[in-house]
Amino acid sequence: MPDFWIIGPIAWDLALYVDRLPHSGHFVQAVESAERPGGTGANVATALSQVGARVHMVGYVGADAAGQRMTTALTAAGVDVNHVQVLDGHTSSVVLLIEPNGERTIMGIHPDLLHDVTIPAAAVAPRDIVYFAAWRDVFIPAAQAMAAAGAVVTSVPPGTVPAMRYLIGSRNEFTVIPKDTTAIVTDGASGVTVHSADGTDHFPAAPADVVDATGAGDAFAAGLLWAIGRERSLVEGVQLGLSWAAATVRVKSSVPTATPQACPPSL
């Protein structure tokens, strides 16, 4: 089994469950609130580690209490944090407004410093799985170096198409569907569409009673990456990702629900 390298945000979330989103100038009262670990990179890393993968997290935290909490949470989940850098400034933090149907609206609080992170491209081995859970153009040289070293490099859009094996993201993130890579487009309850050299295939979402949609996309990406790492077919990867996403939206959490019991027997 190859190692997984996840490059992306590490964040501390404040989740506010509301009856409705406020209109401009209006007031809304949260009916429930919770502080909890989050961040797209940390979410994917945690989900993969939960099923026994060797996961290296690449990102940053600030020298603050939230950073300490996130580093502790990742370590407790079994994620290698040796490449999590402590930068001047705050740990990323977001406010989540979660409606009764589970949909969430996300607001960032602190300036993003991900572009300042040093990516340990030389540490990646052939066949390792690399996932950019957020994309910055400064990542281009590292992504291409890791691909040249034989790693399977994947990213959210737009990514660096010449270096990327797969682009994984929501319909809103894709401005165009690239022709020279495999694009895996998620669309919430509408499911997933895969665009590849073999054509276009659609996969319906797994049925689920949605409580909190936070982390669903991260769960999908983690399931897909897990299957890729085990040399399963893309179809199996999409199906596993959909299963993990369905499990995640059923609970109030930012961290994806990914357990061995959620893996089909063939995986």
Side-chain angles (χ1 to χ4, degrees), residues 6 8-50 57 59-79 81 84 86-87 89-114 133-134 156 170 172-173 186 188-189 205-222 244-259 262:
I6 310 301
I10 301 167
W12 190 251
D13 290 356
L14 171 60
L16 302 176
Y17 293 86
V18 297
D19 289 332
R20 57 180 173 78
L21 295 181
H23 295 293
S24 178
H26 287 215
F27 172 85
V28 65
Q29 177 67 52
V31 297
E32 183 181 346
S33 65
E35 293 188 44
R36 63 201 195 190
T40 55
N43 287 348
V44 174
T46 299
L48 287 167
S49 186
Q50 286 175 351
M57 182 73 226
Y60 79 92
V61 296
D64 51 20
Q68 293 176 350
R69 288 193 293 265
M70 284 306 305
T71 301
T72 298
L74 286 166
T75 301
V79 177
V81 296
V84 174
V86 180
L87 301 181
H90 295 283
T91 300
S92 292
S93 185
V94 301
V95 175
L96 303 164
L97 298 180
I98 303 166
E99 301 171 72
N101 64 358
E103 188 56 82
R104 79 277 186 270
T105 300
I106 306 173
M107 296 179 289
I109 297 176
H110 303 300
D112 173 57
L113 303 176
L114 193 60
V156 296
S170 70
N172 294 334
E173 292 177 303
T186 64
D209 294 326
V210 181
V211 173
D212 185 341
T214 310
D218 303 332
F220 173 81
W244 286 12
T248 296
V249 300
R250 296 188 182 107
V251 297
K252 294 180 178 179
S253 176
S254 294
V255 178
T257 300
T259 65

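All of these numbers come straight from a predicted model, not from anything done at the bench. When reading the values below, keep in mind they use all heavy atoms of this one structure, side chains included, and skip hydrogens, waters and symmetry mates.
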Over all atoms of both residues, closest heavy-atom pair of Ala206 and Ala246: CB-CB, 3.7 Å
Backbone of Gly215 reached by a side-chain donor or acceptor of Thr248 within 3.5 Å: no
Point-to-point distance, once rounded to the nearest 0.5 Å, from CG of Leu74 to CD1 of Ile10: 5.5 Å
Those residues that, when tested against Val249, pass side chain to side chain contact (heavy atoms under 4.5 Å, CB included) (two or more places apart): Ala208, Val210, Ala216
Side chain to side chain donor-acceptor pair (under 3.5 Å) pairs, two or more places apart, involving residues 70-79: none
Minimal non-hydrogen separation, Ala77 against Thr46, with atom names: CB-CG2, 3.9 Å
Residue pairs fulfilling salt bridge (Lys or Arg N to Asp or Glu O under 4.0 Å) with at least one residue in residues 22-34, sequence neighbours excluded: Glu32-Lys252
By side chain to side chain contact (heavy atoms under 4.5 Å, CB included) - contacts of Asn43 (at least two apart): Asp218, Val255, Pro256
Scan the side chains in residues 100-107 for donor-acceptor partners under 3.5 Å anywhere in the protein, sequence neighbours excluded, and list what turns up.
from, atom 1, to, atom 2, distance (Å)
Asn101, OD1, Glu103, N, 3.0

Non-hydrogen atoms of Met57 and Ala45 that approach each other most closely: SD-CB, 3.8 Å
Shortest non-hydrogen contact from Ala133 toward Gly8: CB-CA, 4.2 Å
Kindly list each side-chain donor-acceptor pair under 3.5 angstrom involving residues 89-96, sequence neighbours excluded, with atom names and distances?
from, atom 1, to, atom 2, distance (Å)
Thr91, OG1, Gly62, N, 2.9
Thr91, OG1, Asp64, OD1, 2.6
Thr91, OG1, Gly67, N, 3.1
Ser92, OG, Tyr60, OH, 3.0
Ser93, OG, Trp12, O, 3.0

For the student: nearest non-hydrogen atoms of Pro37 and Ser254, plus distance: O-CB, 3.2 Å
Please list every donor-acceptor pair under 3.5 Å in which a side-chain atom of residues 15-30 meets a protein atom from a residue at least two apart or in another chain.
from, atom 1, to, atom 2, distance (Å)
Tyr17, OH, Arg36, NH1, 3.0
Tyr17, OH, Asp212, OD2, 2.6
Arg20, NH2, Phe27, O, 3.3

side-chain contact (heavy atoms from CB on, under 4.5 Å) assessment of Thr40 paired with Val44: CA-CA 6 Å; Thr40 55; Val44 174; 5.6 Å; no
